Amino acid sequence: MKIGILAVQGAFVEQEAVLKQLHVPWKEIRCLKDLDDHFDGLILPGGESTVQGKLLKELDLFQPLLEMIQHDIPVLATCAGMILLSEKINGQPSAHFKTIPMDVKRNAYGRQLGSFHTTAEYKDLGNVPMTFIRAPYVIKADSRVTILSSVNHHITAVQYRNQTALSFHPELDKDLRIHQDFLGRCS
Ligand code: GLN
């Protein structure tokens, strides 16, 4: 098994550290040629979604990655990655991959709660530690989207077909179950 990690910007090194702990090989996706290898799963890391979206287009990665997602490669997306997948971005005229029928709000926790840590219930896993950094949350999701977790009545994790999208950063906590769950879908 091999996982592709989008590595054009943001927190990809932290994702690599988790895969290393779990003894799973990965490949950084930085340019079109990196897609020549076969991957069994795709990680879209945190970072700055506007910059990532722009770089994806400039590097000609947008269309091939969109097709991989549409063709059901398992995806784990954290924070900026969640924004990249969302069909709508609140207050913005356009969005990115638009492969999850939902509406997200960027930097949704405002300045004071820009970053925080909590523990909350996650579907089938029980309590999971969650680190939020200038995080988005889901304002509205289509009924076909499964809600995996909510914090203070805001949706913070969803599953839609092949895609798991999280507001928070599981790679920054010691609990590896969300990654293990994702890897279980990749073989
Ligand atoms: N605020 C960032 C954005 O809007 C996301 C933050 C993150 O990925 N930690 O893209």
Side-chain angles (χ1 to χ4, degrees), residues 3 5-22 24 26 41-53 69 74-90 95-97 99-141 145-186:
I3 303 299
I5 303 181
L6 182 65
V8 294
Q9 192 270 341
F12 53 90
V13 172
E14 290 80 353
Q15 299 287 349
E16 292 169 8
V18 174
L19 295 190
K20 194 169 176 186
Q21 276 188 69
L22 295 171
V24 174
W26 71 85
L42 173 67
I43 293 183
L44 301 175
E48 175 43 61
S49 56
T50 313
V51 178
Q52 292 182 358
I69 299 168
V75 182
L76 178 64
T78 67
C79 208
M82 172 191 251
I83 298 166
L84 289 184
L85 296 176
S86 186
E87 187 177 281
K88 289 192 186 131
I89 303 172
N90 187 257
H96 304 279
F97 291 124
T99 47
I100 304 184
M102 64 180 184
D103 195 338
V104 292
K105 183 172 158 80
R106 294 178 64 200
N107 303 314
Y109 294 93
R111 254 169 211 270
Q112 272 190 324
L113 267 182
S115 301
F116 64 100
H117 186 271
T118 190
T119 300
E121 190 74 23
Y122 188 101
K123 189 171 187 285
D124 299 334
L125 295 184
N127 272 341
V128 168
M130 300 179 181
T131 299
F132 292 81
I133 303 172
R134 296 186 306 283
Y137 58 62
V138 178
I139 299 176
K140 208 167 67 194
V145 175
T146 303
I147 295 164
L148 301 174
S149 87
S150 296
V151 172
N152 298 335
H153 310 291
H154 296 304
I155 302 167
T156 51
V158 297
Q159 181 76 39
Y160 180 65
R161 295 168 45 123
N162 53 322
Q163 303 155 73
T164 308
L166 314 170
S167 297
F168 56 93
H169 288 264
E171 75 280 9
L172 299 181
D173 282 295
K174 289 202 178 71
D175 190 324
L176 306 181
R177 287 176 297 161
I178 291 179
H179 282 80
Q180 283 167 326
D181 185 60
F182 161 67
L183 294 168
R185 294 190 285 110
C186 292

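Please read all numbers here as calculations on a predicted model, not as lab measurements.
To the nearest 0.5 Å, atom OG of residue S49 and atom CE of residue M82 are 12.0 Å apart. Remark: L22 CG to K20 NZ distance equals 12.5 Å, nearest 0.5 Å. Here the straight-line distance linking atom CG of D181 with atom NZ of K123 works out to 10.0 Å at 0.5 Å rounding. How far CG of L42 is from CZ of F182: 7.0 Å, rounded to the nearest 0.5 Å. Summarising the geometry, atom OG1 belonging to T50 is positioned 9.0 Å from atom CG belonging to L84; distances are rounded to the nearest 0.5 Å. Put simply, NZ on K140 and NZ on K105 are 13.5 Å apart, with the number rounded to the nearest 0.5 Å.
In this structure, S86 contributes its side chain and M102 its backbone to a donor-acceptor pair below 3.5 Å. Between the side chain of T78 and the backbone N or O of L166 there is no donor-acceptor pair closer than 3.5 Å. For Q15 (side chain) and G46 (main-chain N/O), no donor-acceptor pair under 3.5 Å exists by modelled atom type. No donor-acceptor distance shorter than 3.5 angstrom exists from the side chain of N90 to the backbone of D103, with no hydrogens or angles considered.
Using a 4.5 Å cut-off on side-chain heavy atoms (C-beta onward), H154 and S167 make no contact. Annotation: side chain of P170 is in contact with side chain of H179 (closest heavy-atom distance under 4.5 Å). Contact of the V145 side chain with the I155 side chain is not registered, since no non-hydrogen atoms from C-beta on lie closer than 4.5 Å. Between H169 and H117 the shortest side-chain heavy-atom distance does not fall below 4.5 Å. Looking at heavy atoms from C-beta onward, L148 lies out of side-chain contact with V158 at the 4.5 angstrom threshold. At a threshold of 4.5 Å between non-hydrogen side-chain atoms, the residues C186 and I3 count as touching.
The heavy-atom pair separating I5 from E16 by the smallest distance is CD1-CG, 3.6 Å. The two residues Q52 and G47 come nearest to each other via the heavy atoms NE2-CA, 3.7 Å. Shown here for E121 and M130, the closest heavy-atom pair between the two residues is O-CE, 4.3 Å. Residues C79 and P136 come closest through the heavy atom pair SG-CD, 3.5 Å. What you find for I69 and N162 is that their closest heavy atoms are O-ND2, 2.9 Å. Here the closest heavy-atom approach between residue I100 and residue Y160 is recorded as CG2-CB, 3.8 Å.
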L85 vs H96, side chain to side chain contact (heavy atoms under 4.5 Å, CB included): CA-CA, chis, key distance, verdict: CA-CA 7 Å; L85 296 176; H96 304 279; over 6 Å; no
Check against side chain to side chain contact (heavy atoms under 4.5 Å, CB included), R185 and L76: CA-CA 10 Å; R185 294 190 285 110; L76 178 64; 5.5 Å; no
Candidate pair I43 and E171, rule side chain to side chain contact (heavy atoms under 4.5 Å, CB included), full reasoning: CA-CA 11 Å; I43 293 183; E171 75 280 9; over 6 Å; no
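Under the rule for a side-chain hydrogen bond (donor to acceptor under 3.5 Å, both in side chains), the partners of D175 that lie at least two apart in sequence or sit in another chain are R177. Every side-chain contact (heavy atoms from CB on, under 4.5 Å) that E87 has, sequence neighbours left out, goes to K98, P101.
Donor-acceptor pairing under 3.5 Å is recorded for the side chains of T131 and D173.
Classification of the F168-F132 ring pair by plane angle, with boundaries at 30° and 60°, yields tilted.
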